[in-house]
Amino acid sequence: MRPVEFEITHICRQSGARTGILHTPHGDVETPMFMPVGTQATVKFISPEELYDMGAGVVLANTYHLWLQPGEDILVKAGGVQKFMNYHGPMLTDSGGFQVFSLSKLRKIEEEGVSFRNPRNGDKLFLSPEKSIHIQNCIGADIMMSFDECIPYPATYEYAKKSMERTLRWAKRGKDANQRPDEQALFGIVQGGDYEDLRDYCAEKLVEMDFDGYAIGGTSVGEDKTTMYRMVKWSQEKLPFDKPRYLMGVGAVNDLLEAVSLNIDMCDCVLPTRIARHGTLMTSQGRINISRPQYRDDFATLDPQCDCYTCRNYSRAYLHHLTRTKEGFGTRLLSIHNTRFLLKLMEEVRQAIKEDRYDDFKRETLANMKFDERGF
RNA sequence: GCGGCUAUGGUGAAGUUGGUUAACACACUGGAUUGUGGCUCCAGCACCCCAGGGUUCGAGUCCCUGUAGUCGCC
């Protein structure tokens with residue numbers, strides 16, 4: 001018995017997309033799903049109670065950030081991240097691989113691991129597959145991620161190949177280092193840039209190592225949509241059908257809908273919470289920047305089709321006012337809305353799959369939302 | 001009434017011995033944001049320096065008059 005088991009519940013006769021249930025030590029969640037990101041053991045501005053209320057399932061936390069602060073020893077003393085932050089649903093930790101890519105200019109990637117500087121204070125840091133898994137064991141989330149290298153786009157074939165092969169070796173080392181394989185699942189991550197044979201090979205080798213699930217990494221790093229969807233497609237062709245597939249870092253509406261068509265079961269993204277902090281909202285009629293002057297005296301509901309706490313209780317004019325005055329409550333209300341918006345979108349996705357009309361749903365949803373090519 | 005001081009965009013204000021595209025900040029208006037450095041980043045925003053006249057090759061910068069504000073005195 002694995003710590004995390006995946007059960008496919010329906011395959012859409014129209015699209016081939018699937019619904020499933022992810023069974024975790026902290027409860028079952030339906031897929032396809034969107035996972036809110038709580039980097040520092042909190043989804044910024046949203047309480048655990050609010051997360052339950054809006055139907056959140058898996059919540060992410062970040063190995064890199066929790067390692068630096070408060071430190072993995074504190075997580076152990078707390079009895080794991082769920083107890084620490086009082087969120088009792090399933091959780092997943094990213095390995096820190098992406099942070100090495102995104103936060104640090106001064107880094108040196110070697111076979112043993114990655115040396116880099118803490119961009120905040122200049123401290124010398126070193127992260128390796130073993131160390132990442134050790135910290136993730138301390139954090140204690142239901143699902144852990146392999147420590148991988150996320151390469152930029154574009155990358156040469158030679159570099160993408162070299163990096164992908166190293167990511168495979170790191171995946172093996174991380175798997176061997178896992179001290180709690182019966183309590184915490186571990187996912188492998190497919191890399192390989194935008195090269196079909198590399199993605200294909202990487203997936204095949206990861207499957208030989210037999211992970212609990214498989215993720216697709218190295219996307220949303222500056223490539224265009226067509227390239228990204230190709231990368232996803234190439235990555236998952238060799239993946240076992242009955243294992244969960246996780247597309248990392250994707251949260252634009254059109255990307256989520258396309259990912260589901262490609263049999264992706266899980267996605268996570270900072271997008272809804274990050275853009276909320278800057279006043280941008282996703283609604284059923286398209287994107288809104290609530291700070292614009294036109295909303296000053298707009299007393300309508302933010303999104304009449306949304307059932308979130310914000311839309312049930314507050315007007316656009318009030319949200320505009322809170323945003324202009326930089327009140328923290330405004331940030332909370334906008335973050336709640338955007339997060340619920342994507343969770344609800346995925347509820348509708350699952351319903352459409354179960355009713356064998358996912359292609360129709362995707363087409364109509366994109367038409368109604370009038371998002372631009374970015375998809376939000 | 002007399003004397004001094006000041007007068008630059010929506011706001012606070014830089015503007016060197018008069019010399020080119022009027023600093024900076026805030027506000028404002030757009031935009032960005034995809035495995036999170038929350039309160040960020042990028043861009044735009046004074047056809048003109050209270051009004052009028054003068055000196056000068058050239059004036060926000062010098063001179064005169066007016067106006068407004070401000071302080072002091074009667």
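A note on names: the letters A, B, ... follow the listed sequences, proteins ahead of strands, and every chain is numbered from 1.
- To the nearest angstrom, C1' of B:G37 lies 8 Å from OH of A:Y64.
- Within 4.0 Å of A:L92, counting heavy atoms only, lies no atom of the nucleic acid at all.
- Computed from coordinates, the A:N338 CG to B:U33 P distance equals 14 Å when rounded to whole Å.
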For this session: Go through the steps for A:C150 and A:V221 under the test side chain to side chain contact (heavy atoms under 4.5 Å, CB included), then give the verdict.
Result: CA-CA 9 Å; A:C150 183; A:V221 289; 3.9 Å; yes
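- Nucleic acid contact for A:T331: none, since no nucleic acid atom lies under 4.0 Å from a heavy atom of the residue.
- The distance between atom NE2 of A:H278 and atom C1' of B:U36, rounded to the nearest whole Å, is 10 Å.
- The distance between the ring centers of A:F187 and A:F211 does not fall below 6.0 angstrom.
- In this structure, CD of A:Q40 is placed 10 Å from P of B:U36, rounded to the nearest angstrom.
- In this structure, CG in A:N368 is found 7.5 Å from CD in A:Q305, a value given to the nearest 0.5 Å.
- Counting non-hydrogen atoms under 4.0 angstrom, A:F376 reaches the backbone sugars and phosphates but no base.
- Atom name C1', nucleotides B:A46 and B:A13: the rounded distance is 13 Å, in whole Å.
- Here the separation of B:G52 from B:U29, taken at their C1' atoms, is 35 Å to the nearest Å.
- Below the 3.5 angstrom threshold, one finds no donor paired with an acceptor across the side chain of A:N289 and the base of B:G30.
- In this model, the phosphate group of B:U29 is approached by a side-chain N or O of A:R324 to a distance below 4.0 Å at OP1 or OP2.
- Taking the P atom of each, B:G12 and B:C74 are spaced 33 Å apart, rounded to whole Å.
- Residue-level contact check: A:Q191 touches the bases, meaning some heavy atom is under 4.0 Å from a base atom.
- No side-chain donor from either of A:T227 and A:D194 sits under 3.5 Å from a side-chain acceptor of the other.
- In this structure, A:R277 does not reach the B:U40 phosphate: none of its side-chain N or O atoms is under 4.0 Å from OP1 or OP2.
- A gap of 15 Å separates the P atoms of B:A23 and B:A43, to the nearest Å.
- Residue A:R292 places at least one side-chain N or O under 4.0 Å from the OP1 or OP2 atom of B:G30.
- For the residue pair A:Y52/A:Y87, the side-chain donor-acceptor check at 3.5 Å is not satisfied.
- With hydrogens and angles left out, the side-chain atoms of A:Y318 and A:D298 include no donor and acceptor closer than 3.5 Å.
- Pairing for B:C28 is with B:G44, a Watson-Crick or G-U wobble pair whose two hydrogen-bonding atom distances lie under 3.5 Å.
- Looking at the side chain of A:D268, the nearest of the listed nucleotides B:G35, B:G38, B:U33 is B:G35.
- The partner of B:A13 cannot be assigned: no Watson-Crick or G-U wobble pair with both contacts below 3.5 Å exists in any strand.
- Here the P atom of nucleotide B:G35 and the NE2 atom of A:H65 are 10 Å apart, to the nearest Å.
- Considering only the side chain of A:I189, B:G35 comes nearest among B:G35, B:U36, B:U29.
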Letter by letter from the 5' end, nucleotides 41-46 of chain B scores (B base, S sugar-phosphate only, - none; protein heavy atoms under 4.0 Å) ------
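- When the side-chain nitrogen and oxygen atoms of A:N62 are compared with OP1 and OP2 of B:G35, none of them lie within a distance under 4.0 Å.
- A donor-acceptor contact under 3.5 Å is formed by the side chain of A:T273 with the base of B:U36.
- Regarding contacts with the backbone of B:A32, every side-chain N or O of A:R274 stays at 4.0 angstrom or more from both OP1 and OP2.
- Across all strands shown, A:G218 has heavy atoms under 4.0 Å from base atoms, whether or not it also approaches the sugar-phosphate.
- When heavy atoms are screened at a 4.0 angstrom cut-off, A:D255 is found touching base atoms of the nucleic acid.
- The partner of B:G60 is absent, by the rule that a Watson-Crick or G-U pair needs both atom distances under 3.5 Å.
- Neither side chain, A:H320 nor A:D297, offers a donor N or O lying under 3.5 Å from an acceptor on the other.
- Contact annotation for A:R287: backbone-only contact, meaning every heavy-atom pair under 4.0 Å involves sugar-phosphate atoms and none involves a base.
- A donor-acceptor pair shorter than 3.5 Å can be found between the side chains of A:Q136 and A:S132.
- Checking B:A68 for Watson-Crick or G-U wobble geometry (two distances, each under 3.5 Å) identifies B:U6 as its partner.
- B:U17 and B:A25 are spaced 29 Å apart, taking the C1' atom of each and rounding to whole Å.
- Atom CD1 of A:I135 and atom C1' of B:G35 are 16 Å apart (whole Å).
- At a threshold of 4.0 angstrom between heavy atoms, the contacts of A:C150 include nucleobase atoms, whether or not backbone atoms are also involved.
- When each of B:U36, B:G35, B:U33 is scored by its nearest atom to the side-chain atoms of A:T280, the top-ranked nucleotide is B:U33.
- Taking the C1' atom of each, B:G53 and B:G10 are spaced 31 Å apart, rounded to whole Å.
- Side chains of A:E149 and A:S163: a donor on one and an acceptor on the other come within 3.5 Å.
- Atom CG of A:L271 and atom C1' of B:G38 are 15 Å apart (whole Å).
- The same atom, P, is picked in B:A68 and in B:G60; the two are 25 Å apart, to the nearest Å.
- Separating the NE2 atom in A:H337 from the CG atom in A:L334 is a distance of 8.5 Å, to the nearest 0.5 Å.
- In the region residues 18-38 of chain A, proximity to RNA chain B at under 4.0 angstrom, judged on heavy atoms, holds for A:V37.
- Checked by atom type and distance alone, the side chain of A:S335 pairs as donor or acceptor with a backbone atom of A:T331 at under 3.5 Å.
- B:U56 and B:G44 have their P atoms separated by 40 Å, given to the nearest Å.
- Between B:G35, B:U33, B:G37, one nucleotide has an atom nearer to the side chain of A:D94 than all others, and that is B:G35.
- Rounded to an integer number of Å, the gap from CZ of A:R296 to P of B:U29 is 10 Å.
- Nucleotide B:G38: unpaired (no Watson-Crick or G-U wobble partner with both distances less than 3.5 Å).
- In this structure, A:K175 does not pair ionically with A:D210, as no charged nitrogen and carboxylate oxygen lie closer than 4.0 Å.
- Pair assignment for B:C73 gives B:G1, based on Watson-Crick or G-U wobble hydrogen-bonding distances that are each under 3.5 Å.
- Between A:R117 and A:D123 there is no salt bridge, since none of the side-chain N atoms of the basic residue sits less than 4.0 Å from a carboxylate O of the acidic one.
- A side-chain donor from one of A:D148 and A:Q191 sits under 3.5 Å from a side-chain acceptor of the other.
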